[in-house]
Amino acid sequence: MITGVPTIPLASLVTSQPALAQSLTSVRYGEVPLVEISGFTPLIPGPGTVESVSARAGLVSEALPTLDSARGGLALAVARQGGRFRIVPHNQGLLWTLTCLTDGWTGLLCHLSETMAHATGDPDGLARHAEVITARAAEDQYDHSAVAAAAVRRMLSNNQAADFAPSLTHSDTELAVQLLNGERLITALDMRRACFTAVGSIDAHSAMSALTDFTTALTKTDTDMTAQCSTPESLRASGRWQRINVGGGESTCVRAAWAVPGRSAAEHAALYAAHLVLGGGYGARLMQRFRESLRWSYSPWSNFHHYAAYSLLEVNIDVPTRHRQAAEQILMEEVERLRTERVPDAELRRVVAHACGTLAASLASQSGLAAMLTHVQSLGLPYDWLWNWPGNLRAVTPAQVLQVAQDWLHPDRAAGATVGPVTS
């Protein structure tokens, strides 16, 4: 059970496995007259590069909220009824967020599905949306953090491309436009692997019925294509460190990343605890070293990005350019410290307690609970993983943290990128 959150009996969670959807969940929770719906729909793999798939995700996420022009677009139609509708690209798919009043929410959901089910890619509209995502990608070419993130991911996947800028080429967006031109937009979505969660002061069984109707209406393709999943063992960069100069400014981004076992793995709780000690909060070691002691960086951090088959542990420090080489060395020193010294029990207990409290706070709202349940199920985990997670985290010992750091955070498994201004 998650301390600090109102008790949610597991019996009040209703999960279903309809033939055309991976996972649907509804939760009766709270007395506020709102329904929060969170969803994740992977894209069906198609021709082209990873970037062209990202371009398709960007086009669909831009196009869907603008449908129903007679009412100013779906997003505006929902807003006029006191709600919010948003779709953003995420993990080679789309992340959905819908907030609406409990009064008439099923009718609103039906209107959304009917409008989206028959919408086709308009050439002029697709061209306009392509300009938007291309402009955003162009901005990222000069963003040190975005460039560093793209660099470490490509190194971990053994992509030796010289251009590490996270940009979409003209051919990427052109291919995405061609694939969607005249086609129903929902044909790009793999609804059989979709996850949707409804949380609110609603009848759970009625909500399940509404979610089933919604996903069924959007499932209009018989394509059977499954994305290939990487494993943490296959994602390693042999200790490479890339140094890139791009853009301007006076600071440099120092980033390192490791592919590690994902949330379904037995050792993931210990890996997560290692992250908490290293850079997962204000009392973490990177914060103490770079902010409190050296005063080089305001907010150094470590963080996880979770995928179905593995997780990516990233560590990031923004420092004045003159300190970039020293920052690289100190960062790896702190990682090596995790691999050679046991974390004091008091330090481990402190960071774990803070993480459990932060999780409880994030789940106290309907939107937070809906988003987290969708995230958990998008990884192929049962919903009760969320209830067991705090206990698993609190059970981690210093010896386990030392062991997983030795197994997975070796310098030879890391991908590193230092991205600074061209004037440096």
Side-chain angles (χ1 to χ4, degrees), residues 1-10 12-13 15 23 25-30 32 34 36-40 90-91 95 97 99 195 197-200 260-287 299-308 310-316 343 345-398 400-401 404:
M1 192 61 62
I2 302 170
T3 304
V5 177
T7 301
I8 306 170
L10 295 184
S12 70
L13 289 167
T15 55
S23 182
T25 304
S26 64
V27 184
R28 181 175 178 84
Y29 176 55
V32 179
L34 291 174
E36 293 283 349
I37 299 176
S38 173
F40 174 69
H90 176 73
N91 281 7
L95 196 62
T97 303
T99 305
C195 305
T197 304
V199 176
V260 300
R263 285 194 137 160
S264 63
E267 62 263 57
H268 186 79
L271 282 162
Y272 197 88
H275 136 70
L276 295 174
V277 171
L278 181 62
Y282 284 108
R285 292 177 176 182
L286 291 180
M287 182 69 75
S299 184
W301 52 261
S302 61
N303 200 10
F304 268 105
H305 298 272
H306 301 286
Y307 304 91
Y310 68 97
S311 291
L312 191 66
L313 174 60
E314 288 189 279
V315 183
N316 186 90
V343 176
D345 188 70
E347 181 182 8
L348 180 59
R349 300 277 74 82
R350 174 175 53 81
V351 297
V352 166
H354 182 269
C356 290
T358 300
L359 175 63
S362 71
L363 299 180
S365 66
Q366 293 177 341
S367 58
L369 180 59
M372 190 61 180
L373 285 171
T374 293
H375 165 72
V376 166
Q377 293 178 96
S378 73
L379 300 177
L381 300 171
Y383 65 79
D384 60 359
W385 178 95
L386 180 57
W387 273 257
N388 296 328
W389 172 244
N392 293 337
L393 194 56
R394 285 192 290 265
V396 171
T397 66
Q400 290 173 322
V401 174
V404 295

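Only a predicted model underlies this, so the values are computations on that prediction, with no experimental measurement involved.
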So, for M372 and W385, which heavy atoms are closest and what is the spacing to 0.1 Å? CE-CZ3, 4.3 Å
Test salt bridge (Lys or Arg N to Asp or Glu O under 4.0 Å) applied to R285 - qualifying residues, sequence neighbours left out: E347
Locate the shortest heavy-atom distance separating G279 from L286; write the atom from each residue and the value. CA-CD1, 4.2 Å
Can you give me the closest heavy-atom contact between L369 and W387, atom names plus distance? CD1-CH2, 4.5 Å
Roughly how far, to the nearest 0.5 Å, is the OH atom of Y282 from the OG atom of S299? 6.0 Å
Between N91 (side chain) and H306 (backbone), is there a donor-acceptor pair under 3.5 Å? yes
Hey, what do you get for CG (L373) to CG (L381), rounding to the nearest 0.5 Å? 11.5 Å
Quick one: closest heavy-atom pair of R349 and R394, and the distance? NH2-O, 3.1 Å
Which residues satisfy the side chain to side chain contact (heavy atoms under 4.5 Å, CB included) test with T374, sequence neighbours excluded? S38, F40, C195, T197
Approximate separation, where rounding is to 0.5 Å, of Y383 OH and N388 CG: 11.0 Å
Would you indicate whether the side-chain heavy atoms of H268 and P261 approach each other to under 4.5 Å? no
Can you establish whether the number of heavy atoms outside H354 located under 6.0 Å from its atom NE2 is more than 12? no
About how many Å separate OG1 of T25 and CD1 of I37, when rounded to the nearest 0.5 Å? 12.5 Å
Using side chain to side chain contact (heavy atoms under 4.5 Å, CB included), reason through E314 and W301 one step at a time and then give a plain yes or no. CA-CA 8 Å; E314 288 189 279; W301 52 261; 4.2 Å; yes
S311 side chain to F304 main-chain N or O, any donor-acceptor pair under 3.5 Å? no
State, to 0.1 Å, how close L393 and C356 come at their nearest heavy-atom pair, and which atoms those are. CD2-SG, 4.4 Å
Interatomic distance, CG@L386 vs CG@L363, rounded to 0.5 Å, equals 5.5 Å
Of V343, L278, L271, the residue whose pairing with V401 passes side-chain contact (heavy atoms from CB on, under 4.5 Å): V343
Counterpart residues, salt bridge (Lys or Arg N to Asp or Glu O under 4.0 Å), relative to R350 (two or more places apart): none
Interatomic distance, OG@S365 vs CG@L34, rounded to 0.5 Å, equals 11.0 Å
